[in-house]
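Each remark here refers to the structure printed beneath this line.
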Number of protein chains: 2
Amino acid sequence: MTKRSSSVTIRDVARQAGVSVATVSRYLNQNAPVSEPLSERIQQVMEELAYVPEATARQLALRKKHTIGLLLTNLHNDFFAPLLAGIEGVVSEKGYNLLVATCRPHLYSDNGVQFPLGSHNTDGMLVFADSLTDEQIARFHARRLPMVLIHKTPAPGVQIPFVTVENKAASRKLVDHLITVHGCGRIILMRGPEHQEDSYWREIGYRAALDDHGIPFDESLILRGAFEREVAYNTLKTFLQEPNHPPFDAVFAGDDDAAIGIYDALREVGLRVPEDVRVVGFDDSRMAPFLTPPLTTVRAPTEQVGRSAAHHLFQLLEGSLPELATVHATEMIIRQSCGCQDV
Amino acid sequence: MTKRSSSVTIRDVARQAGVSVATVSRYLNQNAPVSEPLSERIQQVMEELAYVPEATARQLALRKKHTIGLLLTNLHNDFFAPLLAGIEGVVSEKGYNLLVATCRPHLYSDNGVQFPLGSHNTDGMLVFADSLTDEQIARFHARRLPMVLIHKTPAPGVQIPFVTVENKAASRKLVDHLITVHGCGRIILMRGPEHQEDSYWREIGYRAALDDHGIPFDESLILRGAFEREVAYNTLKTFLQEPNHPPFDAVFAGDDDAAIGIYDALREVGLRVPEDVRVVGFDDSRMAPFLTPPLTTVRAPTEQVGRSAAHHLFQLLEGSLPELATVHATEMIIRQSCGCQDV
DNA sequence: TCCTCTAATGAAACCGGTTACATCTAGTCT
DNA sequence: AGACTAGATGTAACCGGTTTCATTAGAGGA
């Protein structure tokens, strides 16, 4: 039976309870004393009218959105589920809202289009890998928008907290394992997305391992995989169809998702894993232990990364300075796709 | 060099450009004619001041949040990645924001706590399975909050659009396959979460298939799995440790995630899949084809479900009445965990 | 030439909260 | 008793947009 719109405002409550809006507001927020009798009356009226405060108005008045944003490149990798779970956990614990958006930065090359997330939207942002370019990040940073980078380090000189995982040493160890234990000498590297940092450091680790053993780096063994199953599949397929492609005895898949594509492509041409080709991944995703054969990989504490990142962002919002660099340790997980027997 | 806060308002722009705020607003929204010279001046000033409109204020004035909410039970199943991907796709296409939250309804038993999502937050909500109770849903519905249910049908008589997948017929077919083709007679059913609808219909399908073949329903073969890998693992493990547990020759895992737990538990006691025990799942998750052995399951078009649900919600927001019931077809996918040979 | 109509613009109210400031009690101290 | 203080409440300005309504200028018609 309200006037027009279905929305009951604080003024309706105030009128009905015979008090001022200020008092109602104070009762709501418990930030100033309100006498017992009035409190009761207000509470009762609020229930009667089924009053729900309008978050928007509150946000405007407080200049605070109580919302943080998560910017991703896409959602087509199982990697994102644990990341999201970690983030959502601490965000909801803090009573905040979580805005999720994907963004391919090249779509916003010029400053024409509005970003899906920004200071108009959120109190702070979690930026995954290269969902934004360094330049775009710098712009947000210049406007003082609190940010934490995930799986990405800021451009040199830019002071933005980031959390990522140890890529290089782990990759090096992994490739070293292929060389030392399994005698591999011609290892294909399936890169991730171009300019992607994880991809970069995994390649550095790969090269380092080769170097350690005096194996020359061979550009023809480097393929583009984008950390996506289908892309990896297609890329390797194309490679294999090449009449005289270079010989190889192992594949470092870049990440676990790509490893699946690799498995597929190899199987289709009758190559067995690990007998004919050894395969290793990265992430230790939920499915890695259950592949055929179980995937040798590197465990990255993805959910923990999500939690750290969110925590750091909240520290930023609360005014304290979080750790600038957080690099979570990784751990090689030997299974059977590298040729090792059941552990 | 702004006064105090870092924020440039529409009034700053108006002053600087020598026009009224109304004109700037009109220019921004292109909803009323603004003369060429003024347009140019405004555009120039906006760039100079790096003006970004405050979404909150706009939302308040328009009583529209341009945001939709997705309410989930948790994020610990690979099922959610494709669902999210589908939803996020259409939401961002529409230029809307996507708020993601998890909610265990029993935490909000009394109306004490504020829901993470609601009319204060969003223009409409996508509600997954039992992230809300029927009663809670009814309350939101009574307040006219546009909603679409995902993997859940509304309480009888309640007119809320929903989108789900065909569960019963597919389950029946799957169990029938176990019985007819593989001669199974004692099939464990690993249920999903209590009161969960998918779980319910899958059980109905399971019972129907038994019935079709005159196999009596045996309560002792029904286990609680929650559609979660670890829970399924623990439940089956406990079952197996029981000194004289009833004999069985197959497991219908409820969903693919649970199937993984089943694989694990069986392997640990030395039972082979499919030689000793046949296992089937539901969802055809990304990893199903890559398990050892590849999982026989039912393909549910999860990403498509996400897209439909989002589309329907937008229809609701635009005032048109979407289909009330959308049931996506499912398809049995025969692989090897049921005992079939490579297809 | 005068009247009417339309396009372009501005002033001010409004969206629904918060809060600085003023006011009015009642209690405490000397 | 008088001054001072703390507690409880109300008034009104404010957050940063949108939009109604009024006003003005110029074009077209009789």
Side-chain angles (χ1 to χ4, degrees), chain A residues 2-43 45-46 49-67 114 118-123 143, chain B residues 2-42 45-46 49-67 114 118-121 123 143:
Chain A
T2 31
K3 284 279 164 49
R4 43 169 75 171
S5 158
S6 59
S7 65
V8 179
T9 78
I10 196 173
R11 286 171 230 268
D12 296 326
V13 175
R15 188 174 336 109
Q16 188 78 9
V19 302
S20 73
V21 293
T23 304
V24 178
S25 173
R26 289 194 266 255
Y27 171 71
L28 269 172
N29 302 323
Q30 303 285 341
N31 55 7
V34 175
S35 70
E36 187 57 30
L38 286 196
S39 293
E40 275 176 29
R41 195 142 81 245
I42 292 170
Q43 176 62 39
V45 170
M46 291 201 326
L49 302 183
Y51 168 67
V52 177
E54 177 69 29
T56 319
R58 177 163 225 273
Q59 287 163 9
L60 177 57
L62 295 176
R63 288 179 251 17
K64 182 122 175 60
K65 281 129 205 126
H66 265 277
T67 296
Q114 178 82 20
S119 53
H120 57 288
N121 251 353
T122 63
D123 297 324
R143 299 224 193 126
Chain B
T2 31
K3 285 275 165 52
R4 45 168 73 175
S5 159
S6 56
S7 64
V8 180
T9 79
I10 196 174
R11 287 169 227 271
D12 297 326
V13 175
R15 188 176 333 112
Q16 189 79 11
V19 300
S20 74
V21 293
T23 304
V24 178
S25 173
R26 290 194 265 256
Y27 171 73
L28 269 172
N29 302 322
Q30 303 284 340
N31 55 5
V34 175
S35 71
E36 188 56 31
L38 285 196
S39 292
E40 274 176 30
R41 193 143 82 246
I42 292 170
V45 170
M46 287 199 332
L49 303 183
Y51 169 67
V52 177
E54 178 68 28
T56 317
R58 177 164 224 273
Q59 288 165 8
L60 178 58
L62 294 177
R63 284 180 248 33
K64 182 123 174 63
K65 282 126 204 130
H66 265 276
T67 296
Q114 178 80 20
S119 54
H120 56 287
N121 248 353
D123 297 323
R143 299 221 192 129

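First the proteins, then the strands, lettered A, B, ... as listed; each starts at 1.
- One atom, CZ of R15(B), and another, C1' of dA11(C), lie 16 Å apart when rounded to the nearest Å.
- Judged by closest nucleotide on DNA chain C, G18(B) is the one of G18(B) and T56(A) placed further toward the 5' end.
- The backbone N or O of S119(A) sits less than 3.5 Å from a side-chain atom of K65(A), completing a donor-acceptor pair.
- What separates CD of E36(A) from C1' of dT9(D) is a distance of 16 Å, to the nearest Å.
- Distance CD (Q59(A)) to P (dC14(D)): 22 Å, rounded to an integer number of Å.
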### Task
Mind running side-chain contact (heavy atoms from CB on, under 4.5 Å) on L28(A) and Y51(A) for me, showing each step along the way?
CA-CA 11 Å; L28(A) 269 172; Y51(A) 168 67; 3.8 Å; yes
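- Per the geometry, CD belonging to E54(A) stands 11 Å off P belonging to dT18(C), to the nearest Å.
- In this structure, K64(B) places its NZ atom 13 Å from P of dT19(D), rounding to the nearest Å.
- For the pair R58(B) and dT18(D), the criterion of a side-chain N or O lying under 4.0 Å from OP1 or OP2 is met.
- Counting distance only, with no hydrogens placed and no angle test, the side-chain atoms of R11(A) and the base atoms of dG17(C) include a donor-acceptor pair under 3.5 Å.
- With dG16(C), dG10(C), dA12(D) as the choices, the nucleotide that has an atom nearest any side-chain atom of V21(A) turns out to be dA12(D).
- Nearest to the side chain of R63(B), among dT9(C), dG16(C), dA11(C), sits dG16(C).
- Nucleotide dG17(D) holds its C1' atom 16 Å from the CG atom of L49(B), rounded to whole Å.
- Note that the CG atom of L38(A) and the CD atom of E40(A) stand 10.0 Å from one another [nearest 0.5 Å].
- Rounding to the nearest 0.5 Å gives a distance of 10.0 Å between CD1 of I42(B) and OG of S25(B).
- In the set dT18(C), dG16(C), dA11(C), dG16(C) carries the atom at the smallest distance from any side-chain atom of A57(A).
- Considering only side-chain atoms of L38(A), the nucleotide from dA12(C), dG17(D), dT9(D) that sits closest is dT9(D).
- At distances below 3.5 Å, not a single donor-acceptor pair connects side-chain atoms of D123(B) with backbone N or O atoms of K64(B).
- Checked against dG10(C), dG10(D), dG16(C), the side chain of S20(B) finds its nearest nucleotide in dG10(C).
- Within 4.0 Å (heavy atoms only), L60(A) reaches at least one base atom of the nucleic acid.
- The backbone N or O of A32(B) sits nowhere less than 3.5 Å from a side-chain atom of R26(B) that would complete a donor-acceptor pair.
- Rounded to an integer number of Å, the gap from NZ of K65(B) to P of dT18(D) is 16 Å.
- DNA chain C lies under 4.0 Å from at least one heavy atom of each of the following residues of residues 26-35 of chain A: R26(A), N29(A), N31(A).
- Out of dG16(D), dT18(D), dT19(C), the shortest distance to the side chain of S25(B) is found at dT18(D).
- Taking 4.5 Å as the limit, some side-chain heavy atom of T9(A) sits within range of a side-chain heavy atom of D12(A).
- Counting non-hydrogen atoms under 4.0 angstrom, T23(A) reaches the backbone sugars and phosphates but no base.
- Atom CD1 of I10(B) and atom C1' of dA12(C) are 14 Å apart (whole Å).
- A distance of 9.5 Å separates CD of E54(A) from CG of N121(B), quoted to the nearest 0.5 Å.
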